[in-house]
Amino acid sequence: MASLQPVRGTHDLLPDEARRARHVIETGRGIAERYGYEEAATPIFEFSEVFARTLGETSDIVTKEMYTFTDKGGEQITLRPEGTAGIARALISGGLSQHLPLKFFYAGPMFRYERPQKGRLRQFHQIGAELLGVGEPSGDVEVIALGATILEELGVLQHTALELNTLGNTESRAAYRALLVEYFSDHLDSLSAESNDRLERNPLRILDSKNEGDREIVAGAPEFDDSLDAASQEFFAAVCAGLDTLNIAWQRNSRLVRGLDYYCHTAFEFTTEALGAQGAVLAGGRYDGLVEQMGGPSTPGVGWASGIERLSMLIGEAPAKQRPISMIPMGDAAEAVGLRLTEDLRRAGYTVDMGYRGKMKQRMKRANNINASVAVILGDDELAQCSATLRDLDSGEQELVALDDLRDRLEQFR
RNA sequence: GUGGCUGUAGCUCAGUUGGUUAGAGCGCCUGGUUGUGGUCCAGGAGGUCGGGGGUUCGAAUCCCCUCAGCCACCCCA
């Protein structure tokens, strides 16, 4: 076995898998454009502070998952663990606030130092969408609808369920958090060690604990809805109503919380059973406080991200490759003619393969292996008549065609 | 980061209580066909049994360490 292993949690995208990833990205990009989202790309590394400040000092991502290093200039740099912070930073540093609302689509690699598992990698890829400058619930609806449409187009929507929750506005969230801390503090001894830890850092997370003992205690915890003020309730109701209008099925999950500090109001996840413990396929929410927290003007935002590898695992086979035409010259004279024909056809838009060596049998075999639809055979007999033999590789039928007519005759094999 | 399972040819796997040159199917290469693939027949190449150390006359097989994948926790995409 090769002693050269890829770095843990990374993997190669060989053509088969690359094609699937490309299909996911192109589908996402195409649909995002119909919704008015334009592609944007931010650097894959930023000053560490961009993530540390926005994701929350106590979040898991910041405390243990960031790939951080000091560059040769002494700067603290971090490989991006997610896409939203970079977009927000770009909004501020590019002075884009005066062009709001802005609608961005992005695709690219993300990095998190985690223990790898199926559907969980250290370098993984996401597509994502961000809507900036829209504080209305219709923004949430649009963003979720975009996600649903992409999943549908990829053929995976039926394998997912949309879970929806609200975290309320800042005031409601703070009030609920206080109630939770008060409640759980009375049960400190019964809570798991992990949840004790969470009480300090992110008490909402306890609601989502899978620990049996925790669940019993959680069952008696205060309900989020009781802490929601009128404005927050109204907002959530509007989002739900919008989804209903669009016939997007959803279910309330009052345990659904987000790990990142900047989320408020809507939180959602399209989840699946098909990926083991990694249920989230496409997830996001509203982050009205983020841009301001980074030092920019107060700017509402809502968006989501989706794991390309996870989507790829759900879609099965990628669309079929283009079937090439196989050029098969026999001898030096034919080689030169074949080279020229191949180039002409390629420039005319055909996909053409011409081998670099080998006897006819080997070249035919290669034509078969690459799933060519037709072989163009050029030998002395053909050249003498300024013609080529076309062999239909599916039917096995072949015919002599004048070189001048070649391009037209190949039209049916495109 | 914690716990568990796994690791034999390019791929999927077999390998009997430790015993001689580690096997199969698929794939790959060559020939049967001086210019005809996909079917068929014949032959061939390819493995330091994840890596390192140990026990033993002898290790793919037993023990320890390590790396990687997978599963659960955690977290999420």
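Naming: A, B, ... by sequence-line order, numbering from 1 per chain.
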Give me the distance, rounded to whole Å, that separates B:rU8 from B:rA14 when you measure between the C1' atoms they each carry. 9 Å
Touch check for A:Gln398, heavy atoms < 4.0 angstrom, all strands: base, sugar-phosphate only, or nothing? base
At under 4.0 Å between heavy atoms, what does A:Leu311 touch on the DNA or RNA strands: base, sugar-phosphate, or nothing? nothing
Closest to the A:Ala283 side chain, choosing from B:rC29, B:rA77, B:rC70: B:rA77
Taking the side chain from A:Arg310 and the backbone from A:Gly119, do they hold a donor-acceptor pair closer than 3.5 Å? yes
Both distances below 3.5 Å, Watson-Crick or wobble geometry, any strand: find the nucleotide opposite B:rU36. none
For A:Met327 and B:rG35, give me the distance from atom CE to atom C1', rounded to whole Å. 16 Å
How about A:Leu164 and A:Cys240: do any of their side-chain heavy atoms sit closer than 4.5 Å? yes
When the C1' atoms of B:rC41 and B:rU33 are compared, how many Å lie between them, rounded to an integer? 13 Å
Rounded to the nearest Å, what distance is computed from the CD atom of residue A:Glu82 to the C1' atom of nucleotide B:rC75? 14 Å
Please give the distance between the P atoms of B:rU30 and B:rU36 as a whole number of Å. 15 Å
Are any of A:Lys365's side-chain N or O atoms less than 4.0 Å away from OP1 or OP2 of B:rU36? no
In terms of ring plane angle, is the pair A:Tyr183 and A:His187 parallel, tilted or perpendicular, where the classes change at 30° and 60°? tilted
Give me the distance, rounded to whole Å, that separates B:rU17 from B:rC13 when you measure between the C1' atoms they each carry. 23 Å
Indicate, with a heavy-atom threshold strictly under 4.0 Å, whether A:Arg8 touches base, sugar-phosphate, or nothing. sugar-phosphate
Output the rounded distance in Å from CG (A:Asp380) to P (B:rU34). 16 Å
In this structure, how many angstroms lie between the P atom of B:rC70 and the CD atom of A:Gln5, rounded? 13 Å
A:Gln117 side chain N/O closer than 4.0 Å to the phosphate oxygens (OP1, OP2) of B:rA72? yes
How is A:Asn369 classified with respect to the nucleic acid when contacts are heavy atoms under 4.0 Å: base, sugar-phosphate, or nothing? sugar-phosphate
Within the 4.0 Å heavy-atom criterion, would you say A:Gly128 contacts the bases, only the backbone, or no part of the nucleic acid? nothing
If we ignore angles and hydrogens, is there a donor and acceptor under 3.5 Å between the side chains of A:Thr272 and A:Thr160? no
Pair A:Glu130-A:Tyr287, side-chain donor/acceptor within less than 3.5 Å: yes
Applying a 4.0 Å non-hydrogen cut-off, can you work out what A:Arg366 is touching in the nucleic acid: base, sugar-phosphate, or nothing? nothing
A:Glu65, nearest nucleotide to its side chain (from B:rC71, B:rA77, B:rC75): B:rC75
Just by modelled atom types, is the A:Thr271 backbone N or O under 3.5 Å from a matching donor or acceptor in the A:Glu269 side chain? no
Tell me whether the side-chain N/O atoms of A:Lys359 come closer than 4.0 Å to OP1 or OP2 in B:rG31. yes
Any idea which of B:rA77, B:rG35, B:rG37 is nearest the A:Arg112 side chain? B:rA77
Scan every strand shown for a Watson-Crick or G-U wobble partner of B:rC73, both distances under 3.5 Å, and answer none if you come up empty. B:rG1
Could you give the distance separating B:rA22 and B:rC64 at their P atoms, to the nearest angstrom? 27 Å
Watson-Crick or G-U counterpart of B:rA60, or none if no pair lies under 3.5 Å: none
Please confirm whether the backbone N or O of A:Thr351 pairs with a side-chain atom of A:Arg346, one donor and one acceptor, at under 3.5 Å? no
Searching all strands shown, indicate the nucleotide that pairs with B:rC26 (Watson-Crick or G-U wobble; both distances under 3.5 Å). B:rG10
Between B:rC29 (C1') and A:Asn368 (CG): distance, integer Å: 16 Å
Considering only the C1' atoms, how many Å lie between B:rC71 and B:rC62, rounded to the nearest integer? 26 Å
Quick one: A:Tyr113 OH to B:rC74 C1', roughly how many Å, whole number? 15 Å
B:rG18 and B:rC57, which share atom name P, separated by this distance in whole Å: 16 Å
Picking from B:rC74, B:rU2, B:rU36, the nucleotide nearest the side-chain atoms of A:Arg391 would be B:rU36
With the side chain of A:Arg120 defined as its heavy atoms from C-beta on, choose the nearest nucleotide among B:rC71, B:rC75, B:rG35. B:rC75
Specify the separation, in whole Å, of atom CD of A:Glu114 and atom P of B:rC71. 14 Å
Answer with base, sugar-phosphate or nothing: what part of the nucleic acid does A:Arg115 contact at a heavy-atom distance below 4.0 Å? base
If you look at every strand shown and take non-hydrogen atoms under 4.0 Å, does A:Gly9 touch a base, only sugar-phosphate, or nothing? sugar-phosphate
A:Glu382-A:Thr389 side chain donor-acceptor pair, cut-off 3.5 Å: yes
Looking for any heavy atom pair under 4.0 Å, which part of the strands does A:Ala367 touch: base, sugar-phosphate only, or nothing? nothing
If each of A:Leu393 and A:Glu269 is mapped to the nucleotide of RNA chain B with the nearest heavy atom, which maps nearer the 5' terminus, i.e. the 5' end? A:Leu393
Just checking A:Leu121: base, sugar-phosphate only, or nothing, at a heavy-atom cut-off of under 4.0 Å? base
If the P atom of B:rU16 is compared with that of B:rC63, how far apart are they to the nearest Å? 15 Å
Minimal heavy-atom distance between A:Glu335 and A:Arg363, with the atoms involved, is OE1-NH2, 3.9 Å
Out of B:rG35, B:rA68, B:rA77, which nucleotide sits closest to the side chain of A:Ala280? B:rA77
Upstream residue (5' side of RNA chain B) when A:Gln126 and A:Glu397 are each assigned their closest nucleotide: A:Glu397
Starting at atom NZ of A:Lys361, determine the distance to atom P of B:rC28, rounded to an integer number of angstrom. 13 Å
